[in-house]
Structures are given as structure tokens and as C-alpha cells.
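Okay, so here's the structure we're looking at.
Computed from a predicted model, the values in this text were never measured in an experiment.
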Amino acid sequence: MLIDSKWMAGALAAALLVGPAAAQNASGSGDPGLSPGARGAASTGAGSTTITTTKTDSNDTVSHGAAAAGAAAQGAAHKTADAARGAADSTAAAVDTMGDKASAMGQQATSDAARLLAKLHAGNEMEIHAGKEMAKMAKNAKVKAFAKRMVTDHGAMDKDVKAFAKKAKIDLASAPKPADADKAAMDAKMKEMHAMKGHEAEKAYMQRMVEDHEKDVSEVSDAHQKAQDDHKTELVALLAKTKTKMQAHLDQAKKINDAMK
């Protein structure tokens, strides 16, 4: 009986020690049927799964971000290309316009035709101005009629010059003006005539018309011959018409001037 009591006391003590340990093992492993090594492997596997999932989510985020960035870059590239094309078109148009202007200005600065047309235009303007002044001042019927003819004929001649210049793309307003000296001389002569009295002013005007038209016929004849040599058909026609009218003016001016001496 004493032995039995001692055995029961030992068994009870063992149960008290083993129970908590078993309970602790059960709660720590999450699976009481796994050995310590298996439990470690399971724990490691769970951690790996979590990491792998995290990396996958991260990769997806990066991929979406890269795709969005690529789309934005592509859109920006299209806009840049469009802007570049627009700028190129504008530049090309500007270059074409500047090229046309430069070509016209180059022609005006270097061509004999431009210089000749500018001189003819200036000469016509001078004859028209002087004719208008003398038509108002003159008492002699022949002088008055001649002055009016200068206004009419040189007005028509100047229209021909302007039409030719327009077709040839020559701006007479900016073309060389080799007749400026002649214009200054004519202005001075007109001032002198205004200071004169009747007959003296008429004689001075007719003498000036003879001198001017002798010079004009000579210059136009030379230009006409050069245009023929250069095979400039349209310019030849213009100068032939101009020469004919100027010669007729010269012939009439000589007759009136001789009669007034």
C-alpha cells in the first residue's frame, strides 16, 4: 500500500511536468504531427511564399509604371514631331518667300533691263511733269500743243514700262535710279522757266526738249540693238515702240525750236 502510494505520487508528478511541455510544442508548431525539422521547413516555406508574392506585386507595379511612362514618352515624341514638321513647313514657306524677294532684288540690282526700265520710268515722269507746267504757262499754240502731247504720249509710254516691269517682276520703286541726275537738272530748268517771261520760257522749254530727246533717242537705240543681240524679243518690241515715239517727239521739237529762233 505504501509502494502504491509512492508510485501514484511519481506518476502524478510526471504528468504535471510532461503536460505543459506537450501543450507548448503543440502551440509552437501549429501542427503537432510535424517534427522540429519539418516545422522549420514549413516556416521557411511560408516566408518564401510571402516574399515571392511581394516581389510579383512589385514587378507588376513596375511594369504598369513603365508602360505608362512609355506611352507618355511616345505621346510627347508625336507632339515634338508634329511641332517640328510645322516649324519646318513655316521655315520652308519663309525661305521660299525670301528666295523670291532676293531673286527679284538681285535681278533689279544686276540686270540691264532693270536699270533701263528704271531710267525710262524716271524720264517719262519728268516729261509729264514738265509738259503739265508748260501747258499752263505757254502762250504759243504750237508750244502748248507740244507740251500737252508730252503729257499724253509719255503717260502711255510709262504704262507700257510699268506693264513690262510687272511681268518681269521688277519693282520700279526699288530698282536702281540712274536718271536721278537728269531729274535734278530738269527740276532746276523748270524753276528757271518759271522765273522767265512768256516767250523766253517757251524757247527755254523747246530747247530743253530737243536736247533731252536727242539724248533719249540715242540711248534707246543702243538699248534696242543690245536687246536684239541678246534675243530679248519682248524688250525689243517695247524699245522699238519707245524709239519711234521719241524720234517723232524729237522731230517736232526741232521744227518748233527752229521756228522760234
Side-chain angles (χ1 to χ4, degrees), residues 112-166 170-227 235-261:
D112 291 335
R115 287 189 289 270
L116 176 62
L117 290 173
K119 188 167 186 177
L120 288 174
H121 174 60
N124 288 329
E125 289 186 328
M126 287 188 292
E127 296 293 357
I128 292 170
H129 174 68
K132 287 180 177 179
E133 291 297 314
M134 184 48 60
K136 291 185 293 186
M137 294 171 57
K139 301 298 181 181
N140 185 301
K142 291 183 178 180
V143 173
K144 185 181 286 290
F146 181 84
K148 289 181 177 179
R149 182 182 182 182
M150 292 300 98
V151 175
T152 300
D153 284 2
H154 281 278
M157 291 162 67
D158 205 39
K159 286 183 179 179
D160 291 340
V161 169
K162 290 177 180 178
F164 188 96
K166 183 178 181 180
I170 296 173
D171 183 4
L172 292 174
S174 59
K177 297 179 176 57
D180 283 348
D182 292 340
K183 187 175 184 300
M186 175 62 81
D187 289 341
K189 194 68 176 178
M190 291 304 299
K191 288 180 180 179
E192 290 179 10
M193 286 189 289
H194 275 292
M196 297 176 182
K197 301 295 182 181
H199 184 67
E200 291 299 318
E202 293 170 348
K203 285 177 61 176
Y205 173 72
M206 293 312 304
Q207 179 63 37
R208 182 69 184 182
M209 288 298 97
V210 171
E211 294 172 357
D212 284 349
H213 283 85
E214 283 179 338
K215 180 181 178 182
D216 291 342
V217 169
S218 176
E219 291 179 349
V220 171
S221 295
D222 291 342
H224 179 259
Q225 184 61 54
K226 186 176 186 306
L235 183 58
V236 168
L238 173 68
L239 293 176
K241 185 177 180 180
T242 301
K243 179 182 175 182
T244 299
K245 286 188 175 182
M246 286 184 170
Q247 184 64 56
H249 294 166
L250 176 59
D251 293 341
Q252 186 178 7
K254 284 182 175 180
K255 288 180 181 181
I256 297 173
N257 187 57
D258 290 342
M260 296 181 71
K261 288 181 180 179

For residues [X] and [Y], report the shortest heavy-atom separation together with the two atoms involved.
X	Y	value
I128	M150	CG1-O, 4.4 Å
D153	K245	O-NZ, 4.4 Å
L172	A165	CG-CB, 3.8 Å
V161	L238	N-CD1, 4.5 Å
Q247	V217	OE1-CG1, 3.4 Å
V143	Y205	CG1-CD2, 4.1 Å

Counting distance only, does the side-chain N/O of [X] pair as donor-acceptor with the main-chain N or O of [Y] below 3.5 Å?
X	Y	value
T244	A240	yes
E202	N140	yes
K243	S221	no
Q252	F146	no

If we check side-chain contact (heavy atoms from CB on, under 4.5 Å) with V151, which of these qualifies: E133, M134, K132? K132

If only side-chain N and O atoms count, and only distance matters, is there a donor-acceptor pair under 3.5 Å linking E125 with H129? no

Is any side-chain heavy atom of [X] closer than 4.5 Å to a side-chain heavy atom of [Y]?
X	Y	answer
H199	K139	no
H249	E127	no
H154	M126	no
K226	L116	no

State the CG-CG distance between L239 and L120, to the nearest 0.5 angstrom. 6.5 Å

For the atom pair NZ (K136) and NZ (K144), what is the distance rounded to the nearest 0.5 Å? 10.5 Å

Count the heavy atoms of every other residue, nucleotide or ligand shown that sit under 6.0 Å from NZ of K142, and state whether that count exceeds 12. no

Check this for me, if you would: do K255 and D251 make a salt bridge, where the nitrogen-to-carboxylate-oxygen distance has to be below 4.0 angstrom? no

